[in-house]
J.: 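Pasting in a structure now, in C-alpha cells, and then I'll have a few things to ask.
It should be emphasised that the depicted structure is a prediction, and the values quoted were computed from it without experimental measurement.
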Amino acid sequence: MADLKWKEAIEKVLNEEKKQLHYTEIAELIAERGYRKALGATPQDTVSANLTTDINTKKEKSIFAKTAKGYYILRKYLNQTDDNDTDESEPEIVNDKIVTKDTHKIINAFGIYWNRNLVHWKSQPDLLGIQQIGATEVNFKDQIGIYLLHDSRETVYVGQAIEQPLGKRLKDHTTDRLAGRWDRFSWFGFYPVTEDAKLNLNVKFKDFTIQNLGDILEAILIESIEPRQNRKQGNSFVGLEYLQMEAPEIKKKLKQQLIQELTDKL
C-alpha cells in the first residue's frame, strides 16, 4: 500500500479509534498500521503541526477538533465543548516547513536512562536516537544542555554540556574519576530536531518569565527523578523524548562475537 498523505493517515486513525488521542499516539498508530512508511525524523511533530494548521486555518470547518492540550478527535465524534484553545507550544506548517511558535520552550528534545553500553565511545561518539519506531535516526552528539549520570541505584552526577557538546562531555566521563560510577545517562537538549534529522544549531530563544523558568526546571526534575507523588508528567514545557538506538559498531562487534562462538563450536 502506498503511503497516505499525513492528513489522510491522521483522519484514518482517528476514524478507526472514534475517540480523542494524543498526537504522539496518533503518530505511533500511523507507523504501526503501515499508513506511512516514510516517517521522517519528527513524525510526532509532523502530526501535531498538520492538526494545528488545519484547525487554525479552517476553524469550525476543519474535520478535526482539539479537546485538550495535545489531544485531538474527529469533529463528528465530538461529544463535548471544543475549547480549541490556542497553544503556542504546538507547531504549525508554514511554507511546507514545521514551525514552532513557542515562546518559552528551551528543552526541545530529551532522552531518559540511555544505556552507556549501547554507545561506541570513539573519539567523537555518536548518540543515536529516534522519536518513535520507524522514524529517521538522529545523532545528538552535538546537542547542548543538561545531563545526568546514573548507576543502578541513583543519580550520581549532574552536569551541563554548553561550552562542549554532549558527546564530548559524556566521552570525558568514561575516563575521569566518574568512569566506573555510571552505566546510564539522561540528557535534556536545547537544540530542536529538524525534519531532515539534523539539529537546529541556530535556534534563538526568546525572553523567559520567572513562571516559565520554574515550569521548565520542574519538568526536568520530574522527568529525570520520576518522584512517586507527582501526578503530572514533566513534559508540559519540554520537547519530545527520543529513544536510544544502538551504535552500529556495537551491533557489528556482537555479530562478530556470535560468528566466532559458532565457529569455535564446529
Side-chain angles (χ1 to χ4, degrees), residues 24 27-28 31 37-46 98 100 105-152 155-203 220 223-224 235 238-260:
T24 57
E28 290 168 356
K37 292 182 174 59
L39 299 175
T42 59
Q44 296 175 9
D45 288 330
T46 302
I98 296 178
T100 300
K105 185 184 291 183
I106 187 168
I107 304 299
N108 284 286
F110 67 96
I112 299 293
Y113 294 112
W114 280 24
N115 192 332
R116 172 176 172 173
N117 293 329
L118 296 184
V119 179
H120 183 59
W121 297 104
K122 53 187 178 182
S123 57
Q124 293 184 337
D126 294 326
L127 303 175
L128 306 176
I130 53 174
Q131 197 171 87
Q132 68 179 58
I133 301 300
T136 304
E137 199 171 72
V138 181
N139 193 341
F140 290 99
K141 68 178 181 179
D142 293 324
Q143 182 63 278
I144 62 172
I146 308 298
Y147 65 92
L148 300 86
L149 305 181
H150 317 279
D151 64 12
S152 58
T155 299
V156 299
Y157 185 83
V158 177
Q160 55 179 277
I162 305 297
E163 294 182 357
Q164 295 178 324
L166 182 61
K168 176 63 168 61
R169 292 291 289 135
L170 291 173
K171 164 72 173 175
D172 289 345
H173 290 312
T174 64
T175 57
D176 64 11
R177 66 180 179 85
L178 297 170
R181 295 286 309 277
W182 61 284
D183 55 15
R184 300 271 176 174
F185 63 95
S186 300
W187 57 272
F188 297 85
F190 299 158
Y191 292 145
V193 177
T194 64
E195 296 172 80
D196 57 353
K198 304 295 184 183
L199 295 180
N200 180 4
L201 307 183
N202 299 315
V203 64
I220 291 175
E223 288 291 346
S224 59
N235 58 7
V238 299
L240 294 172
E241 180 177 1
Y242 281 76
L243 308 175
Q244 186 181 19
M245 295 291 289
E246 185 178 31
E249 295 89 346
I250 303 295
K251 292 181 180 179
K252 182 178 179 180
K253 183 178 179 179
L254 291 175
K255 183 178 180 180
Q256 291 173 340
Q257 289 176 346
L258 179 59
I259 293 175
Q260 186 62 50

J.: One pair to check against side-chain contact (heavy atoms from CB on, under 4.5 Å): T24 and Q132. What are the steps and the verdict?
T.: CA-CA 9 Å; T24 57; Q132 68 179 58; over 6 Å; no
J.: Measuring from atom CD1 of I112 to atom CH2 of W187, what distance do you get when rounded to the nearest 0.5 angstrom?
T.: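 The CH2 atom of W187 is 9.0 Å from CD1 of I112, to the nearest 0.5 Å.
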J.: What is the distance from atom CZ of R116 to atom CG of D151, rounded to the nearest 0.5 Å?
T.: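 Rounded to the nearest 0.5 Å, the CZ-CG separation comes out at 11.5 Å.
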J.: Write down the atom of A109, the atom of Y242, and the distance for their closest heavy-atom approach.
T.: CB-CE1, 3.6 Å
J.: Indicate yes or no for a side-chain donor-acceptor contact from S186 to the backbone of Y113 under 3.5 Å, with no hydrogens or angles considered.
T.: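 Judged by distance alone, yes, a pair lies under 3.5 Å.
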J.: Going by the side-chain contact (heavy atoms from CB on, under 4.5 Å) test, name the single residue among V119, I130, D126, L118 that passes it with M245.
T.: I130
J.: I'd like to check the side-chain contact (heavy atoms from CB on, under 4.5 Å) partners of L149; sequence neighbours left out, ordered by chain and number.
T.: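 If we apply the side-chain contact (heavy atoms from CB on, under 4.5 Å) test to L149, skipping adjacent residues, the hits are Y147, V156, Y157, L170, H173, L178, W182, F185.
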J.: Using 30° and 60° as the class boundaries, would you call the ring planes of F140 and W114 parallel, tilted or perpendicular?
T.: perpendicular
J.: Does any N or O in the side chain of Q131 come within less than 3.5 Å of the main-chain N or O of Q44, such that one atom is a donor and the other an acceptor?
T.: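 Here the side-chain-to-backbone pair exists.
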J.: Between NZ of K171 and CH2 of W121, what distance do you get to the nearest 0.5 Å?
T.: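 CH2 of W121 is found 8.5 Å from NZ of K171.
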J.: Report the C-alpha separation of V158 and I146 in whole Å, then their side-chain angles, then the decisive distance to 0.1 Å, and conclude whether the side-chain contact (heavy atoms from CB on, under 4.5 Å) test is met.
T.: CA-CA 7 Å; V158 177; I146 308 298; 4.2 Å; yes
J.: Evaluate side-chain contact (heavy atoms from CB on, under 4.5 Å) for I106 paired with F190, printing each intermediate quantity in order.
T.: CA-CA 6 Å; I106 187 168; F190 299 158; 3.9 Å; yes
J.: How many angstroms lie between atom CZ of R169 and atom CD1 of I144, to the nearest 0.5 angstrom?
T.: 13.0 Å
J.: Which heavy atom of P125 sits nearest a heavy atom of G167, and at what distance?
T.: CG-O, 3.5 Å
J.: Quick check: are there more than 12 heavy atoms from other residues, nucleotides or ligands sitting under 6.0 Å from CD of Q124?
T.: no
J.: What is the distance from atom CD of Q160 to atom CG of L166, rounded to the nearest 0.5 Å?
T.: 12.5 Å
J.: Who pairs with Q244 by side chain to side chain donor-acceptor pair (under 3.5 Å), at least two apart in sequence or on another chain?
T.: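 With neighbours one apart ignored, the set is empty.
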J.: Please find the pair of heavy atoms, one from A41 and one from A135, that lie closest to each other, and give the distance.
T.: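 A41 and A135 have their closest heavy atoms at O-CB, 4.4 Å.
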J.: Given side chains that start at C-beta, do those of N117 and D183 come closer than 4.5 Å, heavy atoms only?
T.: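 No, side chains not in contact.
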J.: More than 12 foreign heavy atoms under 6.0 Å from NZ of K198: is that the case here?
T.: no
J.: Taking all heavy atoms of D142 and all of P165, pick out the closest pair and write down the distance.
T.: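 Taking D142 first and P165 second, the nearest heavy atoms are CA-CB, 3.8 Å.
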J.: Keeping the roles fixed (side chain from N139, backbone from L127), state whether a donor-acceptor pair exists under 3.5 Å.
T.: yes
